[in-house]
Amino acid sequence: MRFEDIYQFFQDPPPIYLNKELAVCYVLSVLQRGDSYGTELIQLLENEYRTYRLSDTVLYSALKFLEDEGAIQGYWRKVEGRGRPRRMYQIRPEWSERAQELSRLWQGYATGKLPPGDNN
């Protein structure tokens, strides 16, 4: 190791991979903006939060969890410019309020600011 390696690490830190709990909150934050599909969820994370990454395995585990809990529903749709239909996801209306709450947790985590009342 050299001191240049240390400086390089801080200039270009390795990505931080989301765990399932963070992935659930992140997915809900994106779906509040509109319906989306798996690949797009991963691409949006990399574009909007450059230091974070999401593996396929964790993403689809989070999506399955949300579907099993009744928070989201999936449907098939042909996406413009894509060959085959995509599995799209949307928040169920009855989950809107709880999705907002969990989205705020993601936003607080991603920006380094905890939501009010979570400063312990």
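Position 1 is the first residue of the sequence; numbering continues from there. This is a predicted model, so every value here is computed, not measured.
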N/O donor-acceptor pairs under 3.5 Å from side chains in residues 68-76, not counting sequence neighbours:
{"unit_1": "Asp68", "atom_1": "OD1", "unit_2": "Lys64", "atom_2": "NZ", "d": "3.4"}
{"unit_1": "Asp68", "atom_1": "OD2", "unit_2": "Lys64", "atom_2": "NZ", "d": "2.9"}
{"unit_1": "Gln73", "atom_1": "OE1", "unit_2": "Arg92", "atom_2": "NH1", "d": "3.1"}
{"unit_1": "Gln73", "atom_1": "NE2", "unit_2": "Gln90", "atom_2": "OE1", "d": "2.6"}
{"unit_1": "Tyr75", "atom_1": "OH", "unit_2": "Asp35", "atom_2": "OD2", "d": "2.4"}

Can you find a heavy atom in the side chain of Leu18 that is under 4.5 Å from one in the side chain of Leu45?
-> yes
Under the 4.5 Å side-chain heavy-atom rule for ILVMFWY, direct or indirect, which residues accompany Tyr17?
-> none
Mind checking who shares a hydrophobic cluster with Ile6, ILVMFWY linked at side-chain heavy-atom distances under 4.5 Å?
-> Met1, Phe3, Tyr7, Phe9, Phe10
If you count the non-hydrogen atoms of other residues, nucleotides and ligands that lie under 6.0 Å from CZ in Arg87, is the total more than 12?
-> yes
Determine whether Thr51 and Pro15 make a side-chain contact, defined as any pair of heavy atoms from C-beta on separated by less than 4.5 Å.
-> no
Go through the structure and list residues passing ring-ring contact (aromatic ring centres under 6.0 Å, His included) with Tyr26, not counting sequence neighbours.
-> Trp106
Does any pair with a residue in residues 3-29 pass salt bridge (Lys or Arg N to Asp or Glu O under 4.0 Å), and if so which ones, sequence neighbours excluded?
-> Arg2-Asp5
Do the side chain of Ser103 and the main chain of Ala99 share a donor and acceptor less than 3.5 angstrom apart?
-> yes
Between Glu48 and Arg33, does at least one N-O distance fall below 4.0 Å, as a salt bridge requires?
-> yes
Decide yes or no for Glu67 and Tyr89: does some side-chain heavy atom of the first lie under 4.5 Å from some side-chain heavy atom of the second?
-> yes
Can you name the residues that form a side chain to side chain contact (heavy atoms under 4.5 Å, CB included) with Gln107, not counting sequence neighbours?
-> Ser29, Tyr49
Heavy-atom neighbours of Glu97 CD exceed 12 at 6.0 Å | no
